[in-house]
Amino acid sequence: MLGWRKKNQNRLEIAGDYSQSSLIDLRSIDKAYETEAGPFLALKELDLKVDPGEFVAVVGKSGSGKSTLINMITGIDRPTNGEVIVDGTPIHLLTEGKMAEWRGRHMGIVFQFFQLLPTLTIAENIMLPMDFCNMYKPAERYDRAVHLLSLVEMEEQANKLPNAVSGGQQQRAAIARALANDPPIIVADEPTGNLDSNTADAVFAMFEKLVNEEDKTILMVTHDNDLADRVKRKLTIADGEILSDEILEKAVA
Amino acid sequence: MRRIRWKKVWKDLTSNLSRTILVVLSIAVGVIAIGMVLGAQGIIERQLPRDFMAIDPAAGFAITVTNFDDDVVDQIEGLDGVGTAEGRRVLITPFETGPDEFKNLQLVAVADFEDIKINKINPEEGKFPPGPGEILIERSALSPNLGFEGIGIGDAIKLKAPSGKERSLTIVGTAHDLNNFPPQLFQTAYGYVSFETMELLQEPQEYNQLFYTLSDEFNANYDYLNLSPEDSSAIQEEANRVGALIQKRLEDTGAIVIFTLASPPGELPLQTVLDGLSTLLLVMGLLSLGLSIFLIVNTLSAILTQQVRQIGIMKSIGARVPQLTAMYFFMVLIFGVLALILAIPLGALAASGLAQVFALALNFNVAGFNLDPLVIGLQVIVGLSIPMLAAIIPIWRGTRTTVREAISDHGAGQGSAFGTGFIDSAILGLKRVIPGMKRPAQISLRNTFRRKWRLALTLTSLSLASLIFMSILSIQASLQETLAESISTFNFDINIRFSRDYRSERLVREALQNPYVTEAETWGFGGGRRLRPDGTESDNVILYGAPEGGTMIQPAMLQGRWLEPGDTNAAVVTTDFLRSEDDLDDTNVVGQTITFDINGKETDWIVVGLARGAQPVGIAYLPSPTLDRVTNSVGTSQAVFMRVDRSALAPEPQSFSEQLQALSDPAGFTQGLPDLDGVATQLETAYRDQGFRVEETQTIDLARSIISIFFNIPIYLALVMAALLGFVGGLGLAGTMSINVIERLREIGVMRAVGASDRSVLGIVLLEGVIIGLISWFIGAVLSYPVSQWLSNLAGRLLLQAIPTYRFSSFGVVLWLVLVVLIAIVSSYLPARNASKVTVREVLSYE
């Protein structure tokens, strides 16, 4: 009993310190990597705030620090210095185990190479996060997976294996998986990088719909400047620093 | 399966069936080995000891050259410590197997078949007991290689009685004699007859063998199936004491005792062979299990490595370490369960087969297929716990990989660094040493050393298989060398023993009448016991009386010298004799005075030399004139040794074409000349025709083949186990190579993109497999020298009760080189073929 109280007190203490933050709040983030040529600073005293319902594009050249930034927000990597507060939780302080559970409930990640598990069907891939995080009743999970697939127009493919569908369809299924536990934040790392322009357009349209109709907050790393120009906010990263943070009025979203 | 994660585990297992089969086989091999070895031991131990006790085995026996009657048996039964005593008459006599072709048959006459009290003979088929003129043949003797070609129950066989007369006996049935040495192993057929039949053969109605049991105090009061070592030695001591009493009593009645032996309590005549085989099998079974463990660790590490990316993805969508750990342990558990489903019945079948092989070779009965709960329990523990234990580290490492590490593996060659460290520098330097080495070969060589931990595991299993295979062939070479040495002690071609003494001069003269015999000698022969300084007596020692200038027996001398003309009370003893003599060893025996009790007479001898022995009993060589005086046989002998002009005999087929010729036209091939057996038969017939009572004729070739069979059974079994180990090693290599290929798909795609053909990709992977095979061969070959020396000594002690002469088998090293290259090619072929089918498109989209 005492242990439970102590554990929950810690959680409250942590939550209490950061409850007034933005949905995503990066404070003075440094990230250094050791390389053969010496330490390499991938992010330098970076500050960023993202509010709920924003659709943010992150652009920059290869090696500029885009992916490192995304890894900080998703908790995939930890900062050398600084704080990462997402949805009121200082995720840089979470253990690996707690991080995985937190991420499963609060964040959906879409990768460039889709990263669907090859031995599970499309629907099963979507049910897996619910299973791990014990979200929704087991009997409801398949219906939810099919519902999410219908959002991305993939319900017909629910019972196929990933390698039986096209790259674009795999990416749509990956988006549906990112939505599995109804997280407030979707982080996408080059989601259209491996798709042709028509399919890329369709995927982008889906993200717009999620922001506009589902109130999701989306952070998307992209090389595609045309796509980046269609979002509301565009961050340009160079040498580990935010070069520009533009609010694009002409954006559709 | 409502939880998707368990479904993923199941699908991972079923979607990659070849990998699942590989892992299941890896686990199953060790579990089968355990089931086979322990199961076979269980099958044998469940029935054999009971069967053996059911025949009421003798505590000991005595063999005499003179005859004794029921009165003597009654007297012996009245001795202190004797339970029951029974006499039998044994006669070795030739029977006709074809026109002018004979083989020996050992006839055992029993007074009353219905009332055998010791060493019971069990009827198997046909009539029991045999009447006058009838014979029962030991069940495993009734086979073509012992002379019963086309002869069965109901047929008559023609015997040559010692008197020289021919007598016909009808085979009326078969019997099982568990107490006699296995006929097939010792190439001797046994037949059982009544004393009326002995009379037909003009043999006296008296005994020449005596069996005894101990009184109840040392017999019925003990559970012979569960003897403690202390009880066993107490019974053995009593059996020795009673044996000595019996020998004295027999000698007091005028009998000449040539051999007495008290059997270890509850043990079969070939118990040491059975124990030796069991020990060897157990060692091999444990080695298979050890290899299997390496294989499991190797394959599971590789599977986890393959799954790292998926672990990363699962973590990124919320999977926690305990959940992932449970998933992979569940996977391992399923591997274990599948392996058990395969291994338990196969292990039991193999156990049954192995027990049958033992039973056939050593002539005992075993129950058939059997599932032993104890063995299954052990298999379940091993089959489930070892994979779980083996998986701890791979699972721990795999599930603790961070998401970033797991999904950052984009480029070619990630996670398998090459180029740093001493080994890599040496490999890189090789291109300067071998400037002509082609680039694909360089890739193969460098790839081999990329995953050093995996390479180490693969090499461990394959090197162990190499080591064991080469060691076994060296053990075989050593045992064969020892056999050759022990046979070379015997410098004669034919030896004929008689059932009584004849003038030595007559025996030699008769032998030289045969045109093929070039030399003949008679040697004295007897038995005795050493009277130790502490008042105790040794076991029976065989005494050979060497004639002056005799050359037919020439043992290899280790210390001192051989007997010389003029020696009177000099003795040469063998290393076998020293074994039971605590006060004597090879450093002090020469020069010692030892006392032998020979036929009740105590005589002193000075040891002048120590000779190599490889026999189960001790031997002492004494000057014939002195021994003859002690045994009252001056100028007479019971055995004649002969050398034959082998160049005058029928040629032996050497090449394959000669073998064909010998088979298709035997008469033309042999040009009507006799072989060694033919000369032996001629000699035996000639002696009988002259009225000599021949007891046994033996050629040196027969002796050699008997001892060879004796050695070869364990060697063949060990080779079967080595083949199993080779198979396990091959499985390990196949696993490693297929995982290497999966890991390097991107690189292979890149190679193909820059122009590598199917053939080059196939060649690169195959060569990597062969390089691993060659390294394992080299490690095995280097280690096999000391290991085979140690194992040879162990095998020698188990099978010969002596340290054999060591011979390293270079043939084994070359043979394994060929085999390991073949194994490597076969094991790597499928992965190599898969690699060669990879398309650039597939690889670029591969994630």
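A, B, ... follow the sequence lines: proteins, then strands. Residue 1 opens every chain.
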Counting only pairs under 3.5 Å, give me each side-chain donor-acceptor contact of residues 59-67 of chain A, with atom names and distances, residues two or more places apart or in other chains.
unit_1 : atom_1 : unit_2 : atom_2 : d
A:S64  : OG     : A:K61  : O      : 2.7
A:K66  : NZ     : A:G60  : O      : 2.8
A:K66  : NZ     : A:K61  : O      : 3.2

Region of B:Q323 in contact with chain A, defined by heavy-atom distances below 4.5 Å: side chain
Other residues, nucleotides, ligands: >12 heavy atoms within 6.0 Å of A:E140 CD: yes
Rounded distance [0.5 Å steps], CG in B:D12 versus CG in A:L120: 7.5 Å
Spatial distance of atom CD1 (B:I4) from atom CZ (A:F132) [nearest 0.5 Å]: 10.0 Å
Ion pair check, A:E124 and B:K11, cut-off under 4.0 Å: yes
Neighbour count above 12 (heavy atom, 6.0 Å) for B:R400 CZ: yes
Atom CG of A:D143 with >12 non-hydrogen neighbours under 6.0 angstrom: yes
B:S316 to A:I109 - nearest heavy-atom pair and separation: O-CD1, 3.8 Å
B:R5 side chain vs A:L128 backbone, donor-acceptor pair below 3.5 Å: no
Any side-chain heavy-atom pair of B:R3 and A:R141 under 4.5 Å: yes
Heavy-atom pair count under 4.5 Å with chain B, highest-scoring of A:G167, A:G108, A:G75, A:G104: A:G104
Can you list, pair by pair, the side-chain donor-acceptor contacts under 3.5 Å of residues 324-332 of chain B, counting residues two or more places apart and other chains?
unit_1 : atom_1 : unit_2 : atom_2 : d
B:T325 : OG1    : B:V321 : O      : 2.6
B:Y328 : OH     : B:Q307 : OE1    : 2.5

Side-chain heavy atoms of A:I76 within contact of B:K315, under 4.5 Å: no
B:I393 atom CD1, neighbour heavy-atom count above 12 within 6.0 Å: no
Side-chain touch A:N125/B:K8, heavy atoms, less than 4.5 angstrom: no
Contacting region of A:T121 [heavy-atom separation from chain B under 4.5 Å]: both
A:D131 side, atom CG; B:K7 side, atom NZ - distance, nearest 0.5 Å: 11.0 Å
Interface moiety of A:R105 toward chain B, non-hydrogen atoms closer than 4.5 Å: neither
Interatomic distance, B:T402 atom OG1 to A:M99 atom CE [nearest 0.5 angstrom]: 12.0 Å
